[in-house]
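Computation of the quantities below employed the complete heavy-atom set of this structure, encompassing side-chain atoms and omitting hydrogens, waters and symmetry-equivalent molecules.
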Amino acid sequence: MDPILQTEKLCHTYSSGTPFQHDALIDVDFAAYPGEYLGVIGRTGSGKSTLIQHLNGLLKPTSGRVLLNGQDIWSDKALTRNARFQVGLVFQFPEYQLFAETVYKDIAFGPKNMGLEDGEIDRRVRKAAEFVGLEEALLDKSPFDLSGGQKRRAAIAGVIAMEP
């Protein structure tokens, strides 16, 4: 079975060529296969977030490759864009991802940027909200009026609505 997502000799250097240069990833090989659930653990500053941000194209490797279904996501702009839609990313503090005036609009942001039609966006928003346990009545509220747990669920619903 081939991996869905993998890295080959992935390297990332922050502030390259400056006195603050720091190697965050050095020759990282990683593979995720269909049906797997994976956790990335390590101490603070070990490169966990840097690795994860490469998997959906938020960061470009200094060297090495990120492959989605066997294709290098940086070999073509369309592949990079596609990776951002197919590889969902929920930040460590997902409630900080919220920004829209309503929970509905926040959850709809990703699907809308995918260019989906209104009916499909609505279907995905409602399905994702239900999946994470957000009541329909909360969709018209400001995400900033939600409890901490509700904010996290709303942020996760925003990723799920993209059906990564």
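Among all heavy-atom pairs drawn from Gln6 and Ala31, the shortest one is CB-CA, 4.0 Å. Minimum heavy-atom separation, Ile121 to Ala108: CG2-CB, 3.7 Å. Closest heavy-atom contact between Met1 and Pro34: SD-CD, 3.4 Å. Of all the heavy atoms in Leu79 and Ser75, the pair that sits closest is CD1-OG, 3.3 Å. Of all heavy-atom pairs between Gln86 and Asn69, the closest is OE1-ND2, 3.8 Å. The two residues Leu38 and Ala32 have their closest heavy-atom pair at CD1-CB, 3.7 Å.
When each of Thr50, Leu51, Ile52 is checked for a side-chain contact (heavy atoms from CB on, under 4.5 Å) with Leu59, only Thr50 meets the rule.
The line from CG of Asp23 to SG of Cys11 is 7.5 Å long, rounded to the nearest 0.5 Å. Taken to the nearest 0.5 Å, the CZ atom of Arg153 stands 8.5 Å off from the CD atom of Glu135. Interatomic distance, CD of Gln21 versus OG of Ser15, reported as 8.5 Å (0.5 Å rounding). Atoms CD and CG, from Glu8 and Asp27 in turn, are 11.5 Å apart once rounded to the nearest 0.5 Å. Here the straight-line distance linking atom CG of Asn113 with atom CZ of Arg84 works out to 12.0 Å at 0.5 Å rounding. Ile107 CD1 to Leu139 CG: the interatomic distance, rounded to the nearest 0.5 Å, is 5.5 Å.
Counting non-hydrogen atoms of other residues, nucleotides and ligands closer than 6.0 Å to NZ of Lys48 gives a total above 12. Heavy-atom contacts from other residues, nucleotides or ligands closer than 6.0 Å to CG of Asp118 number 12 or fewer. Around CD of Glu36, the count of heavy atoms belonging to other residues, nucleotides or ligands within 6.0 Å exceeds 12. More than 12 heavy atoms of other shown residues, nucleotides or ligands fall within 6.0 angstrom of atom CZ in Phe144. The environment of Phe99 atom CZ is dense: over 12 non-hydrogen atoms of other residues, nucleotides or ligands sit within 6.0 angstrom.
The shortest distance between side-chain heavy atoms of Lys151 and Leu98 falls below 4.5 Å. In this structure the side chain of Pro61 never reaches within 4.5 angstrom of the side chain of His12, judged on heavy atoms. Looking only at side-chain heavy atoms (C-beta outward), Leu25 and His54 come within less than 4.5 Å of each other. A 4.5 Å side-chain heavy-atom check between Leu55 and Thr7 finds at least one atom pair inside the cut-off. The side-chain heavy atoms of Val87 and Leu5, taken from C-beta on, include a pair separated by under 4.5 Å.
A salt bridge does not link Glu130 to Arg126: none of the charged side-chain nitrogens sits closer than 4.0 Å to a carboxylate oxygen.
Side-chain contact, Gln150 with Ser147: a donor N or O sits under 3.5 Å from an acceptor N or O. In summary, the side chains of Thr102 and Asp140 do not present any donor paired with an acceptor at a separation below 3.5 Å, with no hydrogens or angles considered.
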Handout entry: Working for salt bridge (Lys or Arg N to Asp or Glu O under 4.0 Å), residues Glu163 and Arg123
Key = CA-CA 12 Å; Glu163 298 181 358; Arg123 182 193 71 77; 2.9 Å; yes

Practice task
Determine, step by step, whether Val66 and Leu10 satisfy the side chain to side chain contact (heavy atoms under 4.5 Å, CB included) criterion, reporting the C-alpha distance in whole Å, the side-chain angles of both residues, the deciding distance to 0.1 Å, and the verdict.
Solution key: CA-CA 7 Å; Val66 178; Leu10 181 64; 4.1 Å; yes

Exercise for the section: For Met114 and Arg124, run side chain to side chain contact (heavy atoms under 4.5 Å, CB included): C-alpha distance rounded to whole Å, both residues' side-chain angles, the deciding distance at 0.1 Å, then the answer. Expected result: CA-CA 12 Å; Met114 294 171 72; Arg124 288 181 179 213; 3.9 Å; yes

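The main-chain N or O of Gly88 is never found under 3.5 Å from a side-chain atom of Asn56 such that the two would form a donor-acceptor pair. Asp106 places a side-chain N or O within 3.5 Å of a backbone atom of Ala100 that can act as its donor or acceptor partner.
Hydrophobic clustering of Ile, Leu, Val, Met, Phe, Trp and Tyr side chains at less than 4.5 Å, counting indirect connections, keeps Val125 apart from Phe109. Hydrophobic clustering places Met162 together with Ile160 (ILVMFWY residues linked when any side-chain heavy atoms are closer than 4.5 Å, directly or through intermediates). With hydrophobic clusters built from ILVMFWY side chains whose heavy atoms lie under 4.5 angstrom apart, Tyr104 shares a cluster with Ile156. Val90 is not connected to Leu58 by any chain of hydrophobic side-chain contacts under 4.5 Å among Ile, Leu, Val, Met, Phe, Trp and Tyr, and they are in different clusters. The cluster map of Ile, Leu, Val, Met, Phe, Trp and Tyr, joined by side-chain heavy atoms under 4.5 Å apart, puts Trp74 and Leu67 in different clusters.
Ring orientation note: the planes of His22 and Tyr14 are close to parallel, at an angle under 30° on the 30°/60° scale.
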